[in-house]
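Numbering starts at 1 and runs along the sequence shown. Computed over heavy atoms, backbone and side chain alike; hydrogens, waters and symmetry mates excluded.
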Amino acid sequence: MNMKKIFAAFCALVLMPSFSAQAWIGGPFSNNSYFGEDGDDGVYEAVAYPVGGAFANGIGIFRWGVGNSTGFTDDATISVSTVVYDDQGNIERTFVDVRPIASNIYFGGTGQISHTWFIEGVSYRGNCDGIVNSGMGLVSCVGSASDQNSGGRFIISSGFEGQIDNAGEGLPITRFSGRGNGKSSDLLDPSRDVNFRFIAFGAKVSSYITVNGTR
């Protein structure tokens with residue numbers, strides 16, 4: 001009988017608190033959120049591989065940041081490059097727009113060049129924007145990149161949706177995989193446009209974002 005009482009006390013003191021801690025969502029220490037204030041904040045990377053077709057040997061890279069942190073200061077800014085093309089597809093002018101990060105929410109590329117495609121020996125560079133939602137287990141990202149050698153005549157637009165998979169026991173990693181679609185466009189000859197499909201694999205590579213030296 002005494003052993004039963006000791007075992008019951010052991011369960012109450014050791015096992016039950018552990019179970020309650022895992023089940024408790026919200027409360028004073030997490031701002032009533034399972035994920036806390038930072039949520040899925042961090043920097044994410046993904047690599048894409050076209051499936052069959054003309055671009056079977058290509059490779060794409062996506063890199064973006066997700067932020068819902070109040071840590072950005074009033075003077076934190078991000079530089080966004082914009083290219084203007086003429087009717088012939090040539091670069092007419094390029095300018096950099098320096099925008100302040102006034103909100104505590106930040107989605108998008110972590111730099112001026114955050115997205116790249118390398119297809120048939122040609123590099124396409126640009127920017128991408130993505131979101132991550134652990135509650136739904138989904139990751140979505142879209143990007144646009146242009147061929148700098150042709151003056152921006154050739155553009156690749158692409159996007160993918162992936163599913164978060166944290167099956168690696170003991171590894172604090174947010175990883176995901178999914179499928180996407182892309183289109184290579186020729187601004188001067190639309191008949192040369194090519195649609196393609198690809199698979200994407202990625203993971204969270206940092207838990208915080210640094211913008212112009214500000215975390």
Under 3.5 Å: donor-acceptor pair, side chain of R192, backbone of D186: no
Non-hydrogen atoms of A145 and G126 that approach each other most closely: CB-N, 3.8 Å
Between F55 and F196, ring centroids under 6.0 Å: yes
Intermediate values then yes/no, side chain to side chain contact (heavy atoms under 4.5 Å, CB included), S146 and F154: CA-CA 6 Å; S146 60; F154 301 102; over 6 Å; no
Over all atoms of both residues, closest heavy-atom pair of N195 and K183: OD1-CG, 3.3 Å
I131 side chain reached by V139 side chain, heavy atoms, under 4.5 Å: no
Distance, nearest 0.5 Å, that separates OG of S140 from CZ of F176: 10.0 Å
Interatomic distance, N57 atom CG to E120 atom CD [nearest 0.5 angstrom]: 8.5 Å
Approximate separation, where rounding is to 0.5 Å, of R125 CZ and T116 OG1: 7.5 Å
I164 side chain reached by S134 side chain, heavy atoms, under 4.5 Å: yes
Where G58 and P50 come nearest, the two heavy atoms and their spacing: O-CD, 3.1 Å
NZ/NE/NH1/NH2 to OD/OE distance under 4.0 Å, D147 and R153: no
ILVMFWY network linking I199 to V47, side-chain heavy atoms under 4.5 angstrom: yes
Approximate separation, where rounding is to 0.5 Å, of S185 OG and I155 CD1: 7.0 Å
Reported CZ-to-OG distance for the pair F62 and S158, which is rounded to 0.5 angstrom: 3.5 Å
Check: W117 ring centre within less than 6.0 Å of F198 ring centre: yes
Shortest non-hydrogen contact between K204 and D41, atoms and distance: NZ-O, 2.8 Å
Single-linkage hydrophobic cluster, 4.5 Å side-chain cutoff, I119 and Y49 together: no
Cluster check V51, F160: I/L/V/M/F/W/Y, side chain < 4.5 angstrom: no
C141 and W64, any side-chain heavy atoms less than 4.5 Å apart: yes
Close side-chain approach of D40 to T174, heavy-atom, < 4.5 Å: no
Nearest-0.5 Å distance, CZ of residue R63 to SG of residue C128: 10.0 Å
Short side-chain to backbone donor-acceptor contact, H115 and I61, under 3.5 Å: yes
More than 12 heavy atoms from other groups under 6.0 Å of CG on D193: yes
